[in-house]
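Here is the structure we will look at.
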Number of protein chains: 2
Amino acid sequence: MPQSVDARAEKKPSRIQLRNRRKILEAALDVFSQHGFRGATLDQIAEAAGLSKPNMLYYFDNKEAIHVELLSALMAEWLAPLEVMDPDGEPLEELLGYIRRKMQMSRTYPRESRLFANEIIQGAPRIGPDLNQRLKPLFDEKCALIRIWMQAGKLTPMDPGHLIFSIWAITQHYADFEAQVQVLMPDSAVAWDTAMQHVETMFRTLLSAE
Amino acid sequence: MPQSVDARAEKKPSRIQLRNRRKILEAALDVFSQHGFRGATLDQIAEAAGLSKPNMLYYFDNKEAIHVELLSALMAEWLAPLEVMDPDGEPLEELLGYIRRKMQMSRTYPRESRLFANEIIQGAPRIGPDLNQRLKPLFDEKCALIRIWMQAGKLTPMDPGHLIFSIWAITQHYADFEAQVQVLMPDSAVAWDTAMQHVETMFRTLLSAE
DNA sequence: GATGTTTTTTACCATTTGGTCAAGCCACGA
DNA sequence: TCGTGGCTTGACCAAATGGTAAAAAACATC
């Protein structure tokens with residue numbers, strides 16, 4: 001009996017499969033993050049991956065499968081900085097550490113940031129379920145934690161949810177709107193350093209105001 | 001001699017032209033803001049506008065012309081809240097007023113916000129020149145103004161450019177990432193009100209820290 | 001080196017998409 | 001009411017796009 005598509009997904013993948021799937025996902029990250037789902041073409045992705053289009057479709061059933069797998073695989077990585085935040089740590093330093101990690105992510109993985117940004121802007125049509133099942137619980141958990149910290153007088157009291165939104169908005173801004181930042185601050189080499197300093201100082205001021 | 005395309009652009013447009021061009025741009029705003037440039041199709045726009053595709057292409061030379069005109073026409077409207085900021089006003093109130101107007105814009109015109117977001121995320125391939133010629137001067141001017149205010153001890157000193165980025169990032173976040181916000185704060189009716197309060201309080205704290 | 005399996009390629013297809021063209025419609029002034 | 005010129009339409013087209021089928025090639029295993 002020939003190996004079916006389902007079997008392929010369940011059995012342990014060969015070395016070639018591993019390599020090619022990784023090449024495809026890497027190429028897809030490039031193309032999807034730049035053009036969004038509908039704007040990306042299979043030909044573009046295949047060329048970027050160095051494979052023929054049918055060869056690529058041997059590894060993924062269709063365009064959407066590539067996109068979904070990419071988002072799904074990246075989600076964990078993307079949430080990691082928030083997960084790390086420790087209930088037993090020093091509140092202000094925990095939050096500032098999170099902010100620093102988030103800035104570092106935007107700097108190191110701007111494509112990933114833009115991939116998610118594209119998907120969310122367009123209404124999260126393919127990642128919607130994941131948002132509910134993976135992001136929401138984590139968000140609620142950390143909101144509760146921050147609220148406790150604030151009630152203990154360790155942080156300036158405010159709405160924890162909107163605080164997290166602010167952190168996301170600002171940190172991701174530098175990755176998602178890089179084109180604009182570069183126009184307005186052409187001296188981009190130093191922009192990242194000043195940006196990181198600004199963001200940290202800003203939230204430190206905000207969170208430790210009496 | 002029949003009226004040429006160029007003449008059409010220069011002569012004063014008829015009532016029908018005005019009406020149809022507006023219908024097209026309105027429809028294009030809907031479609032482009034949801035799918036980005038490459039993801040939007042002329043058929044979608046034409047249907048949303050209630051016109052046939054050839055009829056639409058009678059008013060605009062091609063897809064790109066619609067997109068460019070849309071962005072260009074909206075740019076002024078988009079920059080207005082920043083332009084209003086008055087050098088002779090009370091610094092803190094001027095900035096908070098700007099922030100309030102920007103939040104109001106995101107609330108009232110989320111499609112416009114997403115239209116720009118899509119374009120910038122994808123590297124601003126079509127609006128690049130406009131950023132340099134229209135946004136950059138205004139940005140520099142207001143940065144200088146804020147710097148003067150800070151040097152006069154009226155505001156907490158910080159990098160004015162990054163301050164503006166922070167304002168943009170947070171205010172636009174609620175429009176651009178609305179899908180995510182709605183998942184994480186399902187009680188969306190009140191989310192806007194609490195958001196506006198949070199953002200204002202946040203920047204007031206930040207800007208008036210000693 | 002024969003044999004079964006996985007991987008790759010070649011050729012192809014249906015649909016979608018951006019765009020054209022010529023003919024017809026219609027509003028409006030003479 | 002009759003042209004005339006702006007407006008609209010239906011039919012059409014070439015290229016791009018997502019995807020398939022089947023044969024060929026490469027590979028692993030004996």
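Computed from a prediction, not measured in an experiment: that's the story for all the values here. Just so we're on the same page: letters track the sequence lines, and every chain starts at 1.
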query = Would you say B/S52 reaches D/dT8's phosphate, i.e. side-chain N/O to OP1/OP2 under 4.0 Å?
reply = no

Contact list for residues 159-185 of chain A, test salt bridge (charged side-chain N to carboxylate O under 4.0 Å, His left out), sequence neighbours left out = A/R114-A/E178

inquiry  = Can you pull out every salt bridge (charged side-chain N to carboxylate O under 4.0 Å, His left out) where at least one residue sits in residues 195-206 of chain A? Sequence neighbours excluded, please.
reply    = A/E93-A/R204, A/R100-A/E200, A/E200-A/R204

request  = Any pair with a residue in residues 26-47 of chain A that passes salt bridge (charged side-chain N to carboxylate O under 4.0 Å, His left out), sequence neighbours left out, goes on the list, sorted by first then second residue, please.
outcome  = A/E26-A/R111, A/D30-A/R111, A/D43-A/K53

note = Protein heavy-atom contacts under 4.0 Å, written 5' to 3' over nucleotides 14-19 of chain D as B (base), S (sugar-phosphate only) or - (none), form the string ---SBB

request  = Determine, using ring centers only, whether A/F139 and A/F165 are less than 6.0 Å apart.
outcome  = yes

ask   = Roughly how many Å is it from NE2 in B/H35 to C1' in C/dT16, rounded to a whole number?
value = 15 Å

ask   = Atom CE of A/M56 and atom C1' of C/dT7: how far apart are they, to the nearest Å?
value = 15 Å

message = Going by ring-ring contact (aromatic ring centres under 6.0 Å, His included), name the residues that satisfy it together with B/H67, two or more places apart in sequence or in a different chain.
response = B/F32, B/F37

key: Separation of C/dG18 C1' from B/I66 CD1 (nearest whole Å)   = 11 Å

inquiry  = I need the CZ-C1' distance between B/R19 and C/dA27, as an integer number of Å.
reply    = 12 Å

query = B/K23 NZ to D/dT8 C1': how many Å, rounded?
reply = 12 Å

Rounded interatomic separation in angstrom, taking CG from A/N55 and P from C/dA11 = 16 Å

inquiry  = How many whole angstroms separate atom OH of B/Y58 from atom P of D/dG10?
reply    = 17 Å

inquiry  = Using whole Å, what does the distance between atom C1' of nucleotide C/dC28 and atom CD of B/Q17 come to?
reply    = 16 Å

task = Kindly say if A/N20 contacts the phosphate of C/dT8, meaning a side-chain N or O under 4.0 Å from OP1 or OP2.
result = yes

message = Quick test of your reading: applying salt bridge (charged side-chain N to carboxylate O under 4.0 Å, His left out), list the pairs with at least one residue in residues 139-148 of chain A, sequence neighbours left out, ordered by first then second residue.
response = A/K136-A/D140

